[in-house]
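Inspection log for the structure reproduced underneath, given as structure tokens.
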Amino acid sequence: MRRLNRRGATLTVLTALVAGLLGVPAAPALAAAGDLTTSAGGTGNTNSANALTVGVGARGLVLRGNALYVADQQDHVIRRVDLTTGTITVVAGMGAANGQGDGGPATAAGINAPWDLDFDTAGNMFIAAASNHRIRKVDTSGQMSTFYGTGSTSVLNNPQGVGLDASDNVFVADTDNTRIVKITPAGVGSVFGSGLALTEPTNVAFDSAGHLLVADCNSGLDGAIWQYNAAGTARTRIAGNGTNTFADGVAASASGLDCPRGMTVDTTTDTVYFAEAGRNRIRRFTIGGTISTVAGTGTAGITGDGAAATAATVDYPNDVVRDAATGTLYLSQGGSQSVPTWGVRRFTVGGSISTVAGNRWATYSGDGGAATAAQLYHPGGADFDSADTMYIADTDNNRIRKVTGGVISTVAGTGLASGALGDGGAATSAQVRKPQDVAVDGGGNLYIAEFGQHRIRKVTPGGVISTVAGTGTAGASWTGVATTTQINKPYGIAVVANGDLYFADSGNNRVLRVSGTTISVVAGDGTAGASGDDLAAATARLNAPRDVVVDAAGDVYIADSGNKVVRRVRGGIITRVAGVYATAGGNGEGGPATAATMDMPAGLAIDTGGDLYIADGAGTNSGTGSQVVRRVDRHGVIHLVAGRQGSYSYAGDGLAGASTSTRLHTPARMAFDSTGNLHIASSGELRIRQLGLMTSAAWFWVSDAGISATPVVYSWEFVSRTATAIKSVTLTVPVSATTSVYLVSALNLPSTGTVSLSGGVVTYTLASAVTVPAGRHMHLSIAGFTNTASAGVQHSTVTTLTSGGATIDASTSGGVYFSLATAVLPVPRPAAAVTSPVVTKIYVDPLLRPDSTVVTTLAVGVNATNGYTLAVSGTALSGVNGTIAPVSANLAGAVVSGSFGVNRVGYTAAVTGLGAYQATAGSYAGYTTGGETAVTAARPTAVTGDSVQITNRIRIDYLQKAGTYTGTVSYRVTGNY
């Protein structure tokens, strides 16, 4: 349920900066995420599923013995139908629209839109993976590989047909490159029939002499079937007359064709059977003979089972295969009609027709069974009721599904996009058209954002459906009454404790609230734009918002999708909390969310601690969209929690929630269950994914994430989940070497503990066990590390232990990316300032250089709402030849001025960078024990940070002896909130 969540107390932020460190990067970690799993949706496959109960988006077919193999283009798998038992299984593909998995089991690999398949003489399977732009191969041991193609469309572009000749040469209908590619068994490819133009080749077959036959679709115009000579230097049009006119009983070459697709050849007579998709028929001809229809009336449909095949309706048949022993033909069909017509059917010439696989839907099945074995079709959102029943907006199945005890069922919608509205009656008999999101109130009422009918619908616990907002017609006519005011393409919806509804009226660029029968504007003036920050929300401009959530304080968060930002309405005033206007991308991890770029924020959720989760889905970034879920923590810092930037699609369950492993495809609206697991409607995966959250939360920072950087400060923030006495804390660290580690600061733990390092584990041991109340945030900052020499993402695991060594809480942080580049580091502020004493050396030779300088460059990053202050403190410089004391504080003159004096040390400060709005930078002062403010910045820093240059200067007179003088200088940054 999108219910109110209690906002966690806000901690201020401080960044510890150390002299000599040239950056403060790294991606702070996410709240510990567990594995991504599937909570609903999949391929609809079980080990012995009835083939007639599964949705099959059938395209290409191959018959081998009593097994029919089906290229299921909609579900991204290859299915096998046992024609003896009537059962169906998946033999290749995990139901993912990607090209992953080469070198592993075929059932764990992704296939993107398989259109056709064939086998060689050894039994290896070849798949025309159209949207992978490759030919994939499954060997006889079940291993997947890429046989041909690189993914570049110049090599193969949307290949829709594949066939092998008697010599195991692979011929590919390279559809969008309008050519045939021949590939030898060794994988060497060439263009076959070069110079012989094709328009839309879709399938290949071979006659009794081994000549290649090509189906050239050219939908609605002048489709043809061509026969090539052995060398591919000439061809003959054996069917089609260059027009779209229909005629049976004439020479095949005298009849017009409309998009011939799949073919099969009875080589004993050279009779060609082909699927004429554009005419909804299966036709046949003997090469050089007449053409006739053997199935289909020419009207699209799926009627006629049990009757003559020629009296049945078929819909956009894609392929046909023939059992040579019995003469039985099998056809695949579906996809051109608004009513479901998908399936695989069987018939004999002159005989009856029946369905052997598919339930008429492309990707719908499973009601009454396990939710993880069910099929969803581009789910748009999910929510939970108080009993943890999950409700799913099964968008393109035009249904609302629910999952109780792991079993899925339909609670609203017939699956059809047309029919009676159904208000006042049973929700399962009503039309629910393209629902994008759902929300459940405390009384068990279900609310539906019905995108396709421009309505907000309500289903009572008794199953009665009604309209609570919208007229059913897209528009912006306003009456103030919810049911007579027009809305336009509602997306995300939320319900709060008092029963008020909030929803994203996307097509009208508004967020609206329904209270009782009254509708009002929360944000947006109805015109697309990106204005109004820090002003009244109702006068601001939004751009196609796609989700809305409300936190415990009543703040409204809006996924302002078209503007690529997330905005917040507090007290009627709107502000931006994440993203940069009109700037696509996925950068900024570990920095302020307001400086990070996003691509298409489409879903929002808020956890019990007040952290904001953003589903950043499909858009323009990297051509595929960001395809991730990101989290803005209570410090305003953004982190990646699931998915891989710019890399889409399901990649299997059980993968750790790290950006290097998990993948999502078009993540949309999200919801938390009562245990804190985040459920993500991953539309392009046809699944609901679950991001398992661990029982504790950890954040991990480093002061400099450069490879082999030293000395480095590591910081952790973690949460006590149980009020148990803590004796020690262990923290794993990505170090390659260390000098002497020491505690910099501690918050909500005693600062008198001891620090030790063994291998990659730091242990902080308390003098005596301390009980920390449940929910308390603790902070440790430890210095003296030398970073790992290996680039890549590193995590830290935080474990609290009892005196007896028993684990209390354990949590793995998100990743910090270690590289030669540097980034920005915001750190939560502990009770005392974080400082790190570092030795500063200045070399003095009064005869040569009476005015010596050493410049330290600091990268300052902080997300504090009112900027930060940088203070500098230090000691006298000491050497074998004496001591050089600091000048007094607050000197206005330069270090080199006469008033500065001789034998004194001081500094100047200069600031550059996008985030710097300094008030006092550039003043001169001396190092004092208490520290003096060198820089005051009025605003948060940019992602790249402020570059602060501290120039340590010394002026000595001619009596000072030459030598090396050292002293301790500390830098302290405090966020101003």
For this session: Verify whether the ring centers belonging to Phe126 and Tyr148 lie closer than 6.0 Å.
Result: no
Seminar exercise, completed: Residue set satisfying ring pair (Phe, Tyr, Trp, His ring centres under 6.0 Å) with Phe206, at least two apart, ordered chain then number -> Phe171
Seminar exercise, completed: Quick note, salt bridge (Lys or Arg N to Asp or Glu O under 4.0 Å) partners involving residues 163-191, not counting sequence neighbours, are Asp174-Arg179
Exercise. Side-chain donor-acceptor pair under 3.5 Å between Thr175 and Asn158, yes or no?
Worked result: no
Problem set entry | Pair Tyr377, Gln74: side-chain N/O donor-acceptor within cut-off below 3.5 Å | yes
Exercise. Can you tell me if Thr271 and Thr286 form a side-chain donor-acceptor pair at under 3.5 Å?
Worked result: yes
Exercise. Any side-chain heavy atom of Leu213 sitting closer than 4.5 Å to one from Ile238?
Worked result: yes
For this session: Examine distances only and state if a side-chain atom of Gln375 and a backbone atom of Gly55 form a donor-acceptor pair shorter than 3.5 Å.
Result: yes
Exercise. Will you find, in the side chains of Asp319 and Ser332, an N or O donor that is under 3.5 Å from an N or O acceptor?
Worked result: no
Problem set entry | Contacts of Tyr273 that satisfy ring pair (Phe, Tyr, Trp, His ring centres under 6.0 Å) - sequence neighbours left out | none
For this session: Answer yes when Arg399 and Asp394 have at least one side-chain N-carboxylate O distance shorter than 4.0 Å, and no when they do not.
Result: no
Exercise. Where does the angle between the aromatic ring planes of Tyr228 and Phe192 fall among parallel (under 30°), tilted (30 to 60°) and perpendicular (over 60°)?
Worked result: tilted
For this session: Answer with yes or no whether the side chains of Asn318 and Arg261 bring together a donor and an acceptor at under 3.5 Å.
Result: yes
Exercise. Have Gln227 and Arg237 got a donor and an acceptor in their side chains that come within less than 3.5 Å?
Worked result: no
Exercise. For the residue pair Arg64 and Asp120, what are the closest heavy atoms and their distance?
Worked result: NH1-O, 4.4 Å
Exercise. With distance as the sole criterion, is a donor-acceptor pair present between the side chains of Asp248 and Ser292 under 3.5 Å?
Worked result: no
Exercise. Can Phe119 and Tyr69 be said to form a ring pair (Phe, Tyr, Trp, His ring centres under 6.0 Å), step by step?
Worked result: CA-CA 10 Å; Phe119 289 83; Tyr69 292 82; 5.0 Å; yes
Problem set entry | Distance-only donor-acceptor check, side chains Asn169 and Thr184, under 3.5 Å | no
